Asker: 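Structure in structure tokens, see below.
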Amino acid sequence: MSRYVVMTAIPYVNGRPHVGHALELIETDVLARYRRQRGDEVRAQTGTDDNALKNVQSAEAEGVPVESYVERVAQNFLSLGQALDLSFDDFIKTSSDPRHRPGVEKLWAACAARGDFYRKTYTGLYCTGCEQFYAESELVEGRCPEHGTVPDLVEEDNWFFRLSRYQDRLAEEISSGRLRVEPASRRREVLSFIESGLEDFSVSRSMKRARGWGIPVPGDPEQVIYVWYDALANYITAPGYGTDEARFAHWWTEADERVHVIGKGIIRFHAVYWPAMLMSAGVTLPSQIFVHEYLTADGAKISKSAGNAKDPGELAERFGADALRWWTLRDVARAGDTDYTDERLVTRNNEDLANNIGNLVNRTVSMVNRYRDGAVPALAADNPGAAELRRVRAGAEAQIAEAMDAYDFRRAAEVIVRVGDEGNRYVEAATPWVLAKAERKEDAPPAALDAVLAELVATCRELGRLLVPFLPGSAAKILRQCGDGGGRVAEPEPVFRRLELDPAE
RNA sequence: GGGACGGUAGCUCAGCCGGUCAGAGCAGGGGACUCAUAAUCCCUGGGUCGUGGGUUCGAGUCCCACCCGUCCUACCA
């Protein structure tokens, strides 16, 4: 058994969540549930990044205090926990969680003690939306490539972090695999960025420009800690850095794996700045960073203005949490962005869940009820007709383990569908209804049908077990209906409903 | 400008270190069955594996160039 910690990035809460957020939450949740099922000691964490300047502006625009604005919008993210059937152990809000500020201050003090901070005047083009400086050349027609807004020309005296000191050590950590960046193409991308030369970066903003929102720099009330420095710290402040050292040791320093799940847009912060900050402060580094791609929706980049920012809460309500979970796991490619459409979700749900797995469970449970009054026969020691089914069933767990280790959720999900396929094929080949008729009309012995039914129940139970991390709600239903390993099945009831799109769409 | 990753059947995609690698699923066509959520099973694919070269006995699978897409990175007029 090992100790496993997995974390999402914390989204800044301005605006509503979209399917892209759901993707990251679901992937992380599946990793956590998977490890728990295997018996590991697991801690899964998410939260919200509240201290961005953007929140101040939005709050001002609405004429409400920042605190209450942030509390309100954060609810949209918090509520996804239930809507998507997530199993996070912790949710940290950087503005109001009492654990956060002391930890950030401690981290700051540790970097300062190392001599990694210095003051410098900086002039640059700053995009408030990104909370990031851009070089002239990075802009698209003078506008932020992410937000399409004109960045502000900013000149101020800030604290800088000596990132340049850590260039070699960072390259070593990543190329050696001690800090594993996945997929490999992302690791190469990070390494080439590091090798191109790292420059110190600014880790504070003037109190004035931050409108007083954020965490003041210890010993310098004129400056506020840069929101990225602040936000990244959540990964250690939540487990107790700066507030509960015993807990922190347990859930960070002494954990066997510390895994970040992030989107491709913030690799630099997580694979370069963050490990460097930790090295500076003398804190253990994360062990893995899994980078996912982005989702588009209806063929376009997700944005509020395009009107395609699908609300995952609404999707889950409309199609079911497990249908949405299944889509993000089964249909999202590892390389390249994937387009979300309702149609794709519905197709996946109907093909894999309703028609394949759901129907197999349904026909199995129905037959056990019809032919054996719900009593599950004993599994035959020898069943030549089920050789292939047994082979596929027995191999699934290892194949899934391999896929999960590579963060290949799609392949893992496919393995489960293959088990369902083989189960359905077995039903056709074994024709239990013919065996039942033979018992009735020809007084045939029950052993043949017993063996088939037992094989099918075993398959459905295995499907339920394999699905636990992916579709927790539905997996529980399958297991319950199949008798939970006991001697009887329940009444048949469709586990997955067939979905339809409104004709209007 | 440099680099990464994609470009494989109508659609979504598998194809590791070169030799059943020309595939799966969906869609389409035909058939079977009835236990089941009009579900399932079987049969059915005349695709220049982005383009052009090269290496090799043999290349989606390696090399070079180019085109298209996406993404990193870069203060050259």
Side-chain angles (χ1 to χ4, degrees), chain A residues 123-125 133-139 145-146 181 183-199 263-268 271-272 291-296 299-301 327 330-341 343-372 402-403 406 408 410-411 413-415 417-418 420-437 449 452-453 456-457 460 474 477-478 481 489 491-500:
Chain A
T123 305
L125 294 164
F133 283 101
Y134 278 101
E136 195 89 47
S137 57
E138 289 180 292
L139 301 177
E146 287 287 328
V181 179
S185 58
R186 294 298 175 189
R187 189 188 77 230
R188 289 194 290 273
E189 178 185 320
V190 170
L191 281 172
S192 84
F193 173 71
I194 292 172
E195 280 154 14
S196 74
L198 297 180
E199 291 181 13
K264 65 183 178 183
I266 52 178
I267 299 179
R268 203 188 299 177
V272 181
V291 183
H292 65 249
E293 305 278 317
Y294 285 157
L295 295 182
T296 55
K301 183 175 168 177
W327 182 78
R330 177 74 212 276
D331 226 17
V332 173
R334 272 163 68 69
D337 295 348
T338 298
D339 192 41
Y340 170 85
T341 65
E343 193 183 355
R344 284 182 72 162
L345 180 150
V346 166
T347 299
R348 269 309 178 200
N349 175 82
N350 291 352
E351 293 302 329
D352 294 341
L353 302 184
N355 295 355
N356 185 331
I357 296 170
N359 188 234
L360 177 64
V361 170
N362 194 242
R363 65 202 304 204
T364 296
V365 173
S366 295
M367 286 191 281
V368 173
N369 273 298
R370 176 188 289 235
Y371 301 140
R372 292 294 184 262
E402 195 181 326
D408 195 341
R410 188 187 226 182
R411 189 149 53 88
E414 188 182 358
V415 170
V417 174
R418 294 295 153 246
D421 273 340
E422 206 49 51
N424 278 309
R425 214 167 284 146
Y426 177 69
V427 176
E428 300 299 324
T431 56
W433 49 92
V434 173
L435 300 177
K437 189 178 288 181
L449 181 54
V452 172
L453 295 178
L456 288 172
V457 171
C460 291
S474 304
K477 280 189 198 168
I478 291 172
Q481 210 170 116
V489 297
E491 286 297 308
E493 188 183 335
V495 174
F496 303 102
R497 63 194 166 105
R498 290 181 56 78
L499 299 173
E500 285 177 20

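Below, read A as the first sequence line, B as the second, and so on, with proteins coming before strands; counting in each chain starts at 1. All values derive from a computational prediction rather than experimental measurement.
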Asker: Closest approach to the side chain of A:T347, judged atom by atom: which nucleotide of B:U34, B:A14, B:C26 is it?
Answerer: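 Between B:U34, B:A14, B:C26, the one nearest the side chain of A:T347 would be B:C26.
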
Asker: Please state how far atom CG in A:L353 lies from atom P in B:U40, giving the value in whole angstrom units.
Answerer: 12 Å

Asker: Pick the closest RNA chain B nucleotide for A:K437 and for A:R497 by heavy atoms, then say which residue is nearer the 5' end.
Answerer: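 Upstream on the strand: A:K437.
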
Asker: Between OG1 of A:T347 and CG of A:N355, what distance do you get to the nearest 0.5 Å?
Answerer: 10.5 Å

Asker: Can you give me the N/O atom pairs linking the protein to nucleotides 5-10 of chain B at distances under 3.5 Å, or say none if there are none?
Answerer:
| residue | atom | partner | partner atom | Å |
| --- | --- | --- | --- | --- |
| B:C5 | OP1 | A:R188 | NH2 | 3.0 |

Asker: Roughly how many Å apart are B:U51 and B:G46, using the C1' atom of each and rounding to a whole number?
Answerer: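 Roughly 22 Å separates the two C1' atoms.
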
Asker: If we take the P atom in both B:G19 and B:G25, what is their distance in whole Å?
Answerer: 23 Å

Asker: Just call it for A:P432: base, sugar-phosphate, or nothing, with non-hydrogen atoms closer than 4.0 Å on any strand.
Answerer: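 No contact.
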
Asker: Send over the distance from A:R348 CZ to B:C11 C1', rounded to a whole Å.
Answerer: 12 Å

Asker: Can you tell which of B:U37, B:U40, B:U12 lies closest to the side chain of A:F496?
Answerer: B:U37

Asker: Suppose you measure atom C1' in B:C64 against the same atom in B:U56; what distance do you get, rounded to whole Å?
Answerer: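 Roughly 16 Å separates the two C1' atoms.
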
Asker: Nearest whole Å is fine: how far is B:U34 P from A:L435 CG?
Answerer: 13 Å

Asker: Indicate yes or no for a side-chain donor-acceptor contact from A:Y294 to the backbone of A:G265 under 3.5 Å, with no hydrogens or angles considered.
Answerer: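 Yes: the side chain of A:Y294 pairs with the backbone of A:G265.
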
Asker: Would you call A:E428 and A:R425 a salt bridge, taking side-chain N to carboxylate O under 4.0 Å as the test?
Answerer: no

Asker: Is any side-chain nitrogen or oxygen of A:R411 closer than 4.0 Å to OP1 or OP2 of B:A14?
Answerer: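 No.
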
Asker: Please name the nucleotide paired to B:G28 by Watson-Crick or G-U wobble geometry with both distances under 3.5 Å, or report none.
Answerer: B:U44

Asker: Both A:K264 and A:N356 contact RNA chain B. Which one's nearest nucleotide lies toward the 5' end?
Answerer: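 Its nearest nucleotide being more 5', the pick is A:N356.
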
Asker: So, for A:P492 and A:N362, which heavy atoms are closest and what is the spacing to 0.1 Å?
Answerer: CB-ND2, 3.7 Å

Asker: Side chains of A:V495 and A:I357, heavy atoms from C-beta outward: is any pair under 4.5 Å?
Answerer: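 Sidechains of A:I357 and A:V495: no contact.
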
Asker: Please state the C1' separation for the pair B:G54 and B:U12 - nearest whole angstrom.
Answerer: 33 Å

Asker: Can you check whether A:Y340 reaches A:L345 side chain to side chain, under 4.5 Å on heavy atoms?
Answerer: yes

Asker: Between A:R370 and B:A36, is there a side-chain N or O to OP1/OP2 distance below 4.0 Å?
Answerer: yes

Asker: Report the distance from atom CG of A:D331 to atom P of B:C11, rounded to the nearest whole Å.
Answerer: 16 Å

Asker: Give the intermediate values and the outcome of side-chain contact (heavy atoms from CB on, under 4.5 Å) for residues A:T338 and A:D331.
Answerer: CA-CA 8 Å; A:T338 298; A:D331 226 17; 5.6 Å; no

Asker: Where the side chain of A:S366 is defined as all heavy atoms beyond and including C-beta, which of B:A27, B:U37, B:C35 is the nearest nucleotide?
Answerer: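 Of the options given, the side chain of A:S366 lies nearest B:C35.
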
Asker: What's the OH-P distance between A:Y426 and B:C42, to the nearest Å?
Answerer: 16 Å

Asker: Between A:E414 and A:R410, is the closest basic N to carboxylate O distance under 4.0 Å?
Answerer: no

Asker: If B:A38 has a Watson-Crick or G-U wobble mate with both distances under 3.5 Å, name it; if not, just say none.
Answerer: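 WC or wobble partner does not exist here.
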
Asker: Which nucleotide in the list B:C41, B:U12, B:A27 gets nearest to the side chain of A:E351?
Answerer: B:A27

Asker: Taking any heavy-atom pair under 4.0 Å as a contact, classify A:V417: base, sugar-phosphate, or nothing.
Answerer: nothing

Asker: Output the rounded distance in Å from CD (A:E293) to P (B:G69).
Answerer: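 Interatomic distance, CD of A:E293 to P of B:G69: 18 Å.
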
Asker: Under a 90° cut-off about 0 for the syn range, is B:G60 syn or anti?
Answerer: syn

Asker: Between B:A38 and B:C67, how far apart are the C1' atoms? Round to whole Å, please.
Answerer: 47 Å

Asker: Could you state the CZ-P distance from A:R498 to B:A39, rounded to the nearest angstrom?
Answerer: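 Atom CZ in A:R498 sits about 4 Å away from atom P in B:A39.
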
Asker: What is the nucleic acid contact for A:N359, judged by heavy atoms within less than 4.0 Å: base, sugar-phosphate only, or nothing?
Answerer: base

Asker: What's A:R410 touching, base or sugar-phosphate or nothing? Going by heavy atoms closer than 4.0 Å.
Answerer: sugar-phosphate

Asker: Distance between the C1' atoms of B:A22 and B:U61, in whole angstroms?
Answerer: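 After rounding to an integer number of Å, I get 12 Å for this pair.
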
Asker: Let's test this: given Watson-Crick or G-U wobble pairing with both distances under 3.5 Å, identify the partner of B:G23.
Answerer: B:C13

Asker: Closest to the A:W433 side chain: B:C33, B:U37, B:U40?
Answerer: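 The listed nucleotide nearest to A:W433's side chain is B:C33.
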
Asker: Over all heavy atoms of both residues, which pair between A:E491 and A:N369 is shortest? Give the atoms and the distance, please.
Answerer: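 Where A:E491 meets A:N369 most closely, the heavy atoms are OE2-OD1, 3.7 Å.
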
Asker: Find out whether A:L456 and A:R363 are in side-chain contact, i.e. whether some heavy atom of one side chain is under 4.5 Å from a heavy atom of the other.
Answerer: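 No, every pair of side-chain atoms sits at 4.5 Å or beyond.
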
Asker: With P as the reference atom in both, quote the distance from B:U44 to B:G23 in angstrom, rounded to an integer.
Answerer: 12 Å

Asker: Looking across every strand, which nucleic acid part, if any, lies under 4.0 Å from A:N355 by heavy atom: base, sugar-phosphate, or nothing?
Answerer: sugar-phosphate

Asker: Could you state the CZ-C1' distance from A:R418 to B:A24, rounded to the nearest angstrom?
Answerer: 7 Å

Asker: Closer than 4.0 Å, any side-chain N/O of A:R425 to the OP1 or OP2 of B:C42?
Answerer: yes

Asker: Could you work out the separation of B:U8 and B:G52 based on their P atoms and round it to a whole Å?
Answerer: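 Result for the P pair: 15 Å, nearest Å.
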
Asker: Tell me which nucleotide, if any, is Watson-Crick or G-U wobble paired with B:U70 when both distances must be under 3.5 Å.
Answerer: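 Check on B:U70: paired to B:A4, both distances under 3.5 Å.
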
